[in-house]
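In what follows, chains are A, B, ... by sequence order, proteins preceding strands, each numbered from 1.
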Number of protein chains: 2
Amino acid sequence: MVDTQPLLNALADARVRSTEPRRAVAELIASRNGHFTARELVDDAAGLRLGVGRATVFRALELFVDLGLVERLDLPSGEHAYVACEPTHHHHVVCSLCGRSTEVEDCGMAEVAREVARRTGYRIERHRMELFGVCPECRAATNWNARATAG
Amino acid sequence: MVDTQPLLNALADARVRSTEPRRAVAELIASRNGHFTARELVDDAAGLRLGVGRATVFRALELFVDLGLVERLDLPSGEHAYVACEPTHHHHVVCSLCGRSTEVEDCGMAEVAREVARRTGYRIERHRMELFGVCPECRAATNWNARATAG
DNA sequence: ATTTTTGCAAATCATTTGCATATAT
DNA sequence: ATATATGCAAATGATTTGCAAAAAT
């Protein structure tokens, strides 16, 4: 459950209009824990009878991505997913079990990019780094289960 | 234009059958310079009247990906693309201008993953790093054009 | 008033699947 | 012979688009 404010603020600020459907999508996004798919939001909206259509969800997502408040991820499965995030350059670690995601800045990635540029002669303009694993909570849960099962 | 051999060898070796359609797809892949999409291969096959259908192209691509001879990329545009590559863990730098791609190993990425694990408590199980920029050839071409235009 | 945004249904695209036939082993 | 792989067309799913109506500036 992410704070709705940043998304709502963005609507207030930006050169875009603050509309009811957009606020609704912002809330749906904020109410989600980890990553989510466009379809999930569409289904949420339908389930809650928000009167927010598919196209609007996609358009709102695109808007938030442009504003840097939501990032699009490519899961290892090939699925497209999104996560709410800070509008600064950063990366995500995604939990394969619960879908929760955590932001991390740099961690040495910039240096890696520089090294790659050095070695290949490419002028690196952008990069994408996504990490997948198991979050602390799920690790704990898993260990607990393991013990419980083993015992 | 990548060497066809690795792909053909794989077909000879693997516990999969070496069929005409698969060899054809291997050639189509090898004949490409940079990255390519499934659709491009399908169109190539159709254009050349190879009698290789859409489904077969997708199935062959999946096979080669499983064998580690082709990797699936997610371009910044969101498109899915593929590149032929060595069957070892590595990463790609992709040229945004010509689509050519170069493989790089590690370059410090493993250390970054370790650092992220340290900071977040996640157990990192896999990662994806894709770099995009302009390759040396295109940089040269671009500079040349710039000069020619400026002069 | 004017411009932007919406919802809907239809259109488009990518990818997958069912299944009878053809091929590799 | 037997197990696999193929082609085709149809099915699925995701995302986009046209457009008249509705809402925001």
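Note on Arg59(A) versus Glu62(A): no salt bridge recorded, every NZ/NE/NH1/NH2 to OD/OE distance being 4.0 Å or above. Between Glu115(B) and Arg119(B) there is a salt bridge, with a side-chain nitrogen of the basic residue lying less than 4.0 Å from a carboxylate oxygen of the acidic one.
The hydrophobic clustering, which links ILVMFWY residues whose side-chain heavy atoms are closer than 4.5 Å, places Leu28(A) and Leu7(A) together.
Each end of the helix from dA1(C)-dT25(D) to dT25(C)-dA1(D) gets its own rotation axis from five pairs of C1' atoms, and the angle between them is 40° to the nearest 10 degrees.
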Heavy-atom protein contacts under 4.0 Å, nucleotides 12-25 of chain D, coded B base, S sugar-phosphate only, - none: --SBBBB----BBS

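One atom, CZ of Arg22(B), and another, C1' of dT23(C), lie 11 Å apart when rounded to the nearest Å. Rounded to whole Å, atom P of dT4(D) lies 14 Å from atom CG of Leu63(B). Rounded to an integer number of Å, the gap from CG of Asp43(B) to C1' of dC13(C) is 12 Å.
A side-chain contact (heavy atoms from CB on, under 4.5 Å) with His90(B) is found for one member of Met129(B), Met109(B), Glu103(B) and no other, namely Glu103(B).
Judged by distance alone, with hydrogens and angles left aside, the side-chain atoms of Glu40(A) form a donor-acceptor pair with the main-chain N or O of Thr37(A) at under 3.5 Å.
In this structure, CG on Leu11(A) lies 4.5 Å from CZ on Phe64(A), to the nearest 0.5 angstrom.
With a 6.0 Å radius and a threshold of 12 heavy atoms from other residues, nucleotides or ligands, Arg118(A) has its CZ atom above the threshold.
His127(A) and His89(A) have perpendicular rings, their planes meeting at more than 60° on a 0 to 90° scale where under 30° would count as parallel.
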